[in-house]
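Written below as structure tokens is the structure these notes are about.
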Amino acid sequence: MLVFVKDKTVDRNSQDKDIKSGLTFPSGCVYSDAMKFQSIRGVNDILPGEIEAVQRLEEAARSVFESFGFSEIRIPIFEVTELFARGIGATTDIVEKEMYTFDDRDGKKITLRPEGTAPVVRAYIEHQLNLKAPVTKLYYLGPMFRHERPQAGRFRQFYQIGVEALGTDRPTMDVEVLAMLMAVFQNVGVTEVRLEINSLGDAACRPHYRKTLKAYFKTHLAQFCEDCQRRYETNPMRILDCKKEGCRAVAAKAPSPLDHLCAECLAHFQQVKDGLNRLKIPFVVNEHLVRGLDYYTRTAFEITTTKLGAQNAVAAGGRYDGLVEELGGPPTPGIGFAMGVERIASLMEGIETPRPDVFFALLGEEAVRQMLPVIVRLRGHGVRVEMDYSGGGLKKQMGLADKLGARYTLMVGENELKSGKAILRDMATKAQEEILLTTLPDPLMKIIRS
Ligand code: HAM
């Protein structure tokens, strides 16, 4: 077995005397007593101090989604690879080069979900949710995995909050879904965002557009990057989305999908725009907005911000009227979006780390023994209580109370036990008052709640 000692790879069998634990590891496992473990590049811990914005965003999303009648669904972290290859499209970047795919122990090909739409549609079909309600409205939160090149705002494990509405192709649903998305941004105070929309046509008009597009691109093939040379054959619409200079110049003059929509798609798009206008939701039509996933039909959209540099898309989605059928279900239209949690959380301001309502500065075992039931009762009423676990003196404990930002500190030592009165200190004003120990926790709760 090979073992990594810092940067050096050694044969574990020849190093046995250096290895103290005596544990055996599956073959290929990286191990060393001396090694410092680090998270994998692009895979982050979200620490206290950072998590509060994420929690606030999740709360806001849940509350907005539920007011629109959406219910939560928990989908698995991994699925069979074929689901994503079929759902997202075999020639997309995600499927071609970004999926975390491995052989399960029984030889099945498994993929860590790179997105949530295909799994939700799989669950919709598997559980016949179409029979339970005419329209199924679901939301989900959780990690997604893509082997992208990590950079600021782009990770290999990242979190999404997404929604999927299945069962109607009415433009009203497109408008509702967009209104809901904007309401979440509003709710968390992220207001400097721009909504771009487009229509990608449907099975009736898209093939004609694709042909026109290919004919235009054919005369510019030499200007394309390597990826787009390939995309020309496999997925020409994706060229419109390429960020490379040469491709962008060609794409800028490409025919617009909007000029090739059939009458139904055109009317649908018009009604979506009318609906957004009626709700006073600002938007810009970007006729070159195409998405990196193949399932989209008709409405496609993206929300961007100017505050994040290159990775400026904070949410994206669209309609996918053919996906349920593609994955083996009955013909069922659908629409949804996913929000990039880390990106949005980084834009949220004024999020406070929760601080203790009261810190118990307890001196001596007897004080701890007598106050523990009081602490438990307070916590049972939702009061945030902290205490010292290191057995430090009063000065050290007050220092800790300060550091934690406690609003109040209740001091109980030998003297207080004797007199039967604890001292409560308001940490901001430094004012102190006495509280009868026998009356706790009621007066304390009153003060904290006032
Ligand atoms: P997507 O555009 O691939 O769409 O991802 C949605 C959002 O997830 C992006 O706008 C971005 O904020 C965030 N995101 C994507 N990749 C990364 C990454 N590597 N690091 C950090 N954040 C990232 C979808 O996933 C579709 N399933 C959305 C959808 C739902 N369409 C219909 N229903």
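Positions are given from 1 along the sequence. We count ligands from 1, going down the list as the structure has it; atoms in each ligand are counted the same way.
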Applying a heavy-atom cut-off of 4.0 Å, say which part of F145 lies close to ligand 1: side chain, backbone, both or neither. neither
As an exercise, identify every atom of ligand 1 less than 4.0 angstrom from a heavy atom of Y296. 26 (C), 28 (C), 29 (C), 31 (N), 32 (C)
Non-hydrogen atoms of Y159 versus ligand 1: any pair closer than 4.0 Å? no
Looking just at side-chain N and O atoms, do Y295 and T117 make a donor-acceptor pair shorter than 3.5 Å? yes
Go through the side-chain N and O atoms of E164 and Y320 and say whether any donor and acceptor fall under 3.5 Å apart. yes
At a non-hydrogen distance cut-off of under 4.0 Å, which region of I344 contacts ligand 1 (side chain, backbone, both, or neither)? neither
Looking at D93 and R238, is there a salt bridge between them, counting it only when a charged N and a carboxylate O are closer than 4.0 Å? yes
Could you check atom 6 (C) of ligand 1 against the protein and tell me its nearest heavy-atom contact, residue, atom and distance included? Q160 NE2, 3.4 Å
Does ligand 1 have any atom sitting under 4.0 Å from a heavy atom of R343? yes
Proximity flag G292 to ligand 1, non-hydrogen atoms under 4.0 Å: no
Closer than 4.0 angstrom: is that true for some heavy atom of P114 and an atom of ligand 1? no
Under 4.0 Å from ligand 1, counting heavy atoms only, is it the side chain of R156, its backbone, both or neither? neither
Tell me which part of E342 gets within contact of ligand 1: side chain, backbone, both or neither, using heavy atoms under 4.0 Å. neither
Can E302 be said to touch ligand 1, with heavy atoms closer than 4.0 Å? no
